[in-house]
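Note: hydrogens, waters and symmetry copies are ignored here, and every other heavy atom, side chains too, is used. Just so it is clear: chains get the letters A, B, ... in the order the sequence lines come, proteins before strands, and each one is counted from 1.
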There are 2 protein chains.
Amino acid sequence: MSRTDKITNSTRQRILAEAALLFRRHGYRGTSTRQIAEAVGIKQPSLFHHFPNKQAILEELLAISLDDSLARAQRAASASGPVARRLYDYVLWDLATLHRLPFALSGIYAHDVLQDPALAPWSTKLEALYANLRSLIDQGVRSGEFRPMSPGLGQAMVAGVTLSHIDYAAEHTGGDPDELALAGAAFILGGLLRDPESLDRLVKSHDRPSS
Amino acid sequence: MSRTDKITNSTRQRILAEAALLFRRHGYRGTSTRQIAEAVGIKQPSLFHHFPNKQAILEELLAISLDDSLARAQRAASASGPVARRLYDYVLWDLATLHRLPFALSGIYAHDVLQDPALAPWSTKLEALYANLRSLIDQGVRSGEFRPMSPGLGQAMVAGVTLSHIDYAAEHTGGDPDELALAGAAFILGGLLRDPESLDRLVKSHDRPSS
DNA sequence: GTCTATAGTATGATAGAC
DNA sequence: GTCTATCATACTATAGAC
């Protein structure tokens, strides 16, 4: 995070915003640098004054959306206490953060793009995030808090719900981030918990997520 | 369904299978016709003897995966009886079918591809499928079976879980389709139901899904 | 039904003036 | 920091021989 972009609502930021929107709509590969430039209101070669290449735009968006999530997931997986509580708090924070992003992120976690060897470091980070989720689910299954299930499948489904929120957010602006996050976290925990009454306890005892 | 491909394990079928695999891995746009041809073991122009163009390959895969699901969702949404039962049975059938497909489908529902105007008919079909899911969720919320939630968000999350199964299936072959479908249906219903004890009843009273 | 050769197009990126 | 002009490349698809 050694950058100097305090509140630079500059061309650079507008490129990121428009690119994120287009990447979500048409995918990374389905979006041309000409389209991004047109959306920003400049000509295509001018993009390359702000970013060395198209991939650098994608990588900056990945950094925005992945780094914090991975750190939080790591802490959640290695902390102590009831797993349901830790996973619930993590999901709640993740979704609320996601719904507050200034960028319509997505089309970015799509496996196809991260499969590119040039993006291997990001693929590794996403895999690390997923490994923490698998660990959490495994802990919950072993402790009896969650229904028996393959941690891999559980992780995939949790990630699937998260991705669905990214898409939903992009097409339904104006929703309350916390409300959406609560709905998502309740759905996920409801899907995992063996004794779903404990969900009520989770919801009721939760203070607002700290940024 | 006016085709004549009984058990033609022909070049045509192998093109479909390899294309499906590559589309999932690298996306539709990230997969070149040369890659498909190479995977099949022929040269690139030979593809065009079997399909008029690249898009036709995608469309055939879409037909395989979408037509039946839409029909089933339509019936589920307009039938009578408890919503939870109808949605549970639909999801169970959908996931079990999906896990039995000979093709590693996906990368296909990705919004970015369907956004192409040339694929508008398929985009319409997917939207119709989603509208039926929204209707089911809305019915469930109104009847009190499901927790209060926006039908749009609920539909998105259900679809997200389904997509996660497609991905999971592609990377973990050999799992029991029915078992995976049960886990997915339980997750979804657990996420939706207000009174999750009724989930036990759904699971226990269910006979095996008819093909 | 498959091949070689190639047309036609769109793309990401660079050079250099202003 | 943006522009015009352009290069090099990769792609989908066609033509026509075998």
Q) What's the closest nucleotide to the B:H49 side chain, out of D:dT12, C:dT2, C:dG12? A) C:dT2
(Q) I need the CD1-P distance between A:I36 and C:dA10, as an integer number of Å. (A) 18 Å
(Q) Does a side-chain N or O of B:K43 approach OP1 or OP2 of C:dT2 to a distance below 4.0 Å, or not? (A) no
Q: Could you tell me whether the phosphate oxygens of C:dT2, OP1 or OP2, come under 4.0 Å of any side-chain nitrogen or oxygen in B:T11?
A: yes
(Q) Using whole Å, what does the distance between atom P of nucleotide C:dT11 and atom CZ of B:R29 come to? (A) 10 Å
(Q) Nearest to the side chain of B:P45, heavy atoms from C-beta on, is which of C:dT2, C:dG12, D:dT14? (A) D:dT14
**Q.** Whole angstrom value for the distance that separates P of C:dA10 from NZ of A:K54
**A.** 16 Å
Q) Rounded to whole angstrom units, what separation is found between the CD atom of A:Q13 and the P atom of D:dG1? A) 13 Å
Q) Of A:P52 and A:Q35, whose closest DNA chain C nucleotide lies nearer the 5' terminus? A) A:Q35
Q. Does a salt bridge link B:D178 with B:R100, judged by any charged N lying under 4.0 Å from a carboxylate O?
A. yes
**Q.** Crowding at CD, B:E38 (>12 non-hydrogen neighbours, <6.0 Å)
**A.** no
Q. Quick check: are there more than 12 heavy atoms from other residues, nucleotides or ligands sitting under 6.0 Å from CZ of B:R25?
A. no
Q: Would you mind telling me which of D:dC3, C:dG12, D:dT12 lies closest to the side-chain atoms of A:I42?
A: D:dC3
Q | Whole-Å distance separating the NE2 atom of A:H26 from the C1' atom of C:dA10 | A | 16 Å
Q: Tell me which of A:R34 and B:N53 sits closer to the 5' end of DNA chain D, going by the nucleotide each one is nearest to.
A: A:R34
Q.
Test salt bridge (Lys or Arg N to Asp or Glu O under 4.0 Å) on A:D67 and A:K125; report intermediate values, then the result.
A. CA-CA 8 Å; A:D67 282 339; A:K125 271 193 184 173; 2.5 Å; yes
Q) What's the CZ-P distance between A:R12 and D:dT2, to the nearest Å? A) 13 Å
(Q) Checking contacts here: which listed nucleotide (D:dT2, C:dT2, C:dG12) is nearest the side-chain heavy atoms of A:S46? (A) D:dT2
Q. Expressed in angstrom and rounded to an integer, what is the separation of B:F48 atom CZ from C:dA7 atom P?
A. 17 Å
Q.
Taking CD in B:E179 as the centre, count heavy atoms belonging to other residues, nucleotides or ligands within less than 6.0 Å. Is the count above 12?
A. no
(Q) As a test of reading the structure: which of C:dA13, D:dT2, C:dT4 is closest to the side chain of A:H50, going by heavy atoms? (A) D:dT2
Q. Of the candidate nucleotides D:dG1, D:dT12, D:dC3, which contains the atom at the shortest distance from the side chain of B:T33?
A. D:dT12
Q: Please determine, for the side chain of B:Q44, which listed nucleotide (D:dT12, D:dT2, C:dG12) has the closest atom?
A: D:dT12
**Q.** Between D:dC11 (P) and B:Q55 (CD): distance, integer Å
**A.** 18 Å
